[in-house]
A.B. asks: 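The following block contains the structure, expressed as structure tokens.
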2 protein chains.
Amino acid sequence: MIDYPKPDSVSIVEQSSHLPRFDEWAETNEGRQPLTRAHMVTSALELMDETGLEGLTMRRLADTLGVKSASLYWHVRDKEELLNLMADAICSEIRPPEGSDDWRQRLEALAREYRRVLKTHRDAALLLATTLPVGPYRLRLAETHLATLLDAGFTAEVTARASLLFVDYVTNFVVEEDRAEAIAAAFQTDSDDADAVSGWFAALPVDQYPSLVALAPLLTNPNTEARFEFGMTTLLNGLPTP
Amino acid sequence: MIDYPKPDSVSIVEQSSHLPRFDEWAETNEGRQPLTRAHMVTSALELMDETGLEGLTMRRLADTLGVKSASLYWHVRDKEELLNLMADAICSEIRPPEGSDDWRQRLEALAREYRRVLKTHRDAALLLATTLPVGPYRLRLAETHLATLLDAGFTAEVTARASLLFVDYVTNFVVEEDRAEAIAAAFQTDSDDADAVSGWFAALPVDQYPSLVALAPLLTNPNTEARFEFGMTTLLNGLPTP
DNA sequence: ACCTGAACACCGTTCAAGT
DNA sequence: ACCTGAACACCGTTCAAGT
């Protein structure tokens, strides 16, 4: 059912494998050069920036490319493959920060960089969260994490678990962060922009949800930066000593 | 755009608000009693058990209820509301474990219970992850978490952050857990059931991904129970002292 | 080699109309 | 009060056919 690509086909964003050449039909095609996978992926990312992941549609993508939707399936097996390529393209922007030889600082820097990249495209975090970690650049990220932890002297088992925990934390944090922003934006249209969501929590019945009511502003009004660091610190502090 | 229910409408799974009564048409309707929200929600959960969240469709749900899809919209504003009701119905199964007066043990027990409930329906974790925490039972869960942390002596700020971190951890853990199971099941059809996914990682180019290759079995072959506990312990250990 | 036309089998939702 | 018919505006994907 689920398509786990074979290892040798770890997909590259570049050209499709059967060398695309200008042939007898090229001159018939005149001005329009044929679609490439790379072009498809960049256009798909632009479209996602405008419409969000749920608005990214094979048909709409075809339109922006001046092509019929059926054509996309010559370049890509299905939508899932396209999404994988997009996810990998996003991860290709990650510049693994070198520097400190403290493993902790290396991990923190890597997490911040990963989060930064997740913020460069609308719904990037959601895309990464709903897509499988295949693709060379995503694998690179995982590799870097693992290597850092192994270097630090953690056991193989702790390394594997900590790495999964850590990457998932960042991804899901940004997913929630994005969602909160979207909700806030939706509310901001009417009334003053005092936090309407926190108002919603504050208006719950106090006798049933005393803590929820009391902490309403803290639960919603974000200070995202600090919250992100809090989670990261908690995770790193909680690890067994290497 | 996004519909945050007004606080006074915190939705109850029970009846719709305008008292449903047998009236002059009741006898015309003979055997079939009218749909109720409660019935819709239980049927929707059953359907999700069979087809997964992505197979849960307003049209299919209508079919299993012996009704046309348009009818559902008399009972429910839209699909999102139905999903919220389902999420809340699932959370209503949570029996907050009492007992220990150690906050840490209380939190651990609560997390295990929450995870247990997430496992009682296919894709429950995914549903909870993609749905907003409105609905009385979900709010109860949050309230319990917050109260426990406040009781333990954490500051309001740490309580808020730790609670979000903790609930999200459990939910997302189970999402990944479910996904891994689905993938494994998809692979299991062919070949022996030796872990094909770990084989995929193991077959990556060693020179590029040495750690990934070395840790392949640990990254995929789960021992989910232990991994869940590892993450929980890490989070709890990492918290500042109350 | 690459693209189109046309279809298939679906979606969520609305709304006038029925009972 | 509750349900249906019929439509609207979409989806992803396939496949024979065109150039």
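Atoms considered below: every heavy atom in the structure, side chains included; atoms not considered: hydrogens, waters and symmetry mates. Lettering of chains follows the sequences in order, A, B, ..., and the numbering in each one begins at 1.
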A.B. asks: Does a nitrogen or oxygen in the side chain of A/Ser71 sit under 4.0 Å from OP1 or OP2 of C/dC2?
C.D. replies: no

A.B. asks: Report the distance from atom CZ of B/Arg77 to atom P of C/dT13, rounded to the nearest whole Å.
C.D. replies: 11 Å

A.B. asks: Give a yes/no answer on whether the side chain of B/Thr57 brings an N or O atom under 4.0 Å of OP1 or OP2 in C/dG12.
C.D. replies: yes

A.B. asks: From C/dA6, C/dC15, C/dA1, pick the nucleotide closest to the side chain of A/Ala70?
C.D. replies: C/dA6

A.B. asks: Take atom CE of B/Met40 and atom C1' of D/dC3, then tell me their distance rounded to the nearest Å.
C.D. replies: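 Interatomic distance, CE of B/Met40 to C1' of D/dC3: 13 Å.
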
A.B. asks: Could you give the CH2-to-C1' distance, from B/Trp74 to C/dT13, as a whole number of Å?
C.D. replies: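 Taking CH2 of B/Trp74 and C1' of C/dT13, I get 17 Å after rounding.
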
A.B. asks: Does A/Glu225 come within less than 4.0 Å of A/Arg112, counting only side-chain N to carboxylate O?
C.D. replies: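 Salt bridge: no.
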
A.B. asks: Nearest whole angstrom, please: distance from the C1' of D/dC11 to the CG of A/Leu56.
C.D. replies: 12 Å

A.B. asks: Establish, with yes or no, whether the OP1 or OP2 oxygen of C/dC3 is under 4.0 angstrom from a side-chain nitrogen or oxygen of A/His75.
C.D. replies: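 Yes.
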
A.B. asks: Does the pair A/Arg37/A/Glu81 count as a salt bridge with the N-to-O cut at 4.0 Å?
C.D. replies: yes

A.B. asks: Can you tell me the distance, in whole Å, between the CG atom of A/Leu72 and the P atom of C/dC2?
C.D. replies: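 Rounded to the whole Å, the gap is 14 Å.
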
A.B. asks: Please give, in whole Å, the distance from D/dC10 C1' to A/Arg60 CZ?
C.D. replies: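 Atom-to-atom, A/Arg60 to D/dC10, this comes out as 9 Å.
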
A.B. asks: Looking only at side-chain atoms of A/Lys79, point me to the closest of C/dG5, D/dT13, C/dG12.
C.D. replies: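 The answer is D/dT13.
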
A.B. asks: Between A/Arg179 and A/Glu176, is there a side-chain N and carboxylate O pair less than 4.0 Å apart?
C.D. replies: yes

A.B. asks: Between D/dC3, C/dG5, C/dT13, spot the one nearest the side chain of B/Val67, thanks.
C.D. replies: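 Output: D/dC3.
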
A.B. asks: Would you mind pulling out the nucleotide paired to C/dA1, Watson-Crick or G-U wobble, both distances under 3.5 Å?
C.D. replies: D/dT19

A.B. asks: Could you point out which residue of A/Glu113, A/Glu93, A/Glu181 forms a salt bridge (charged side-chain N to carboxylate O under 4.0 Å, His left out) with A/Lys119?
C.D. replies: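 For A/Lys119, the salt bridge (charged side-chain N to carboxylate O under 4.0 Å, His left out) check succeeds only for A/Glu181.
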
A.B. asks: Just do the side chain to side chain contact (heavy atoms under 4.5 Å, CB included) check on A/Val167 and A/Tyr114 with the steps written out, would you?
C.D. replies: CA-CA 9 Å; A/Val167 183; A/Tyr114 178 41; 4.1 Å; yes

A.B. asks: Rounded to whole Å, please give me the gap between NZ in A/Lys68 and P in C/dA6.
C.D. replies: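 The distance from NZ of A/Lys68 to P of C/dA6 comes to 10 Å, rounded to the nearest Å.
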
A.B. asks: Can you measure A/Asp78 atom CG to D/dT14 atom C1' for me and round it to whole angstrom units?
C.D. replies: 13 Å

A.B. asks: With a 3.5 Å limit on both atom pairs, tell me what D/dT13 is paired to, counting Watson-Crick and G-U wobble, or say none.
C.D. replies: C/dA7

A.B. asks: To the side chain of A/Arg59, which of C/dC15, D/dC11, C/dC3 is closest?
C.D. replies: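 Of all the options, the side chain of A/Arg59 is nearest to D/dC11.
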
A.B. asks: Considering only atom P, compute the distance from C/dC10 to D/dA9 and round it to an integer number of Å.
C.D. replies: 22 Å

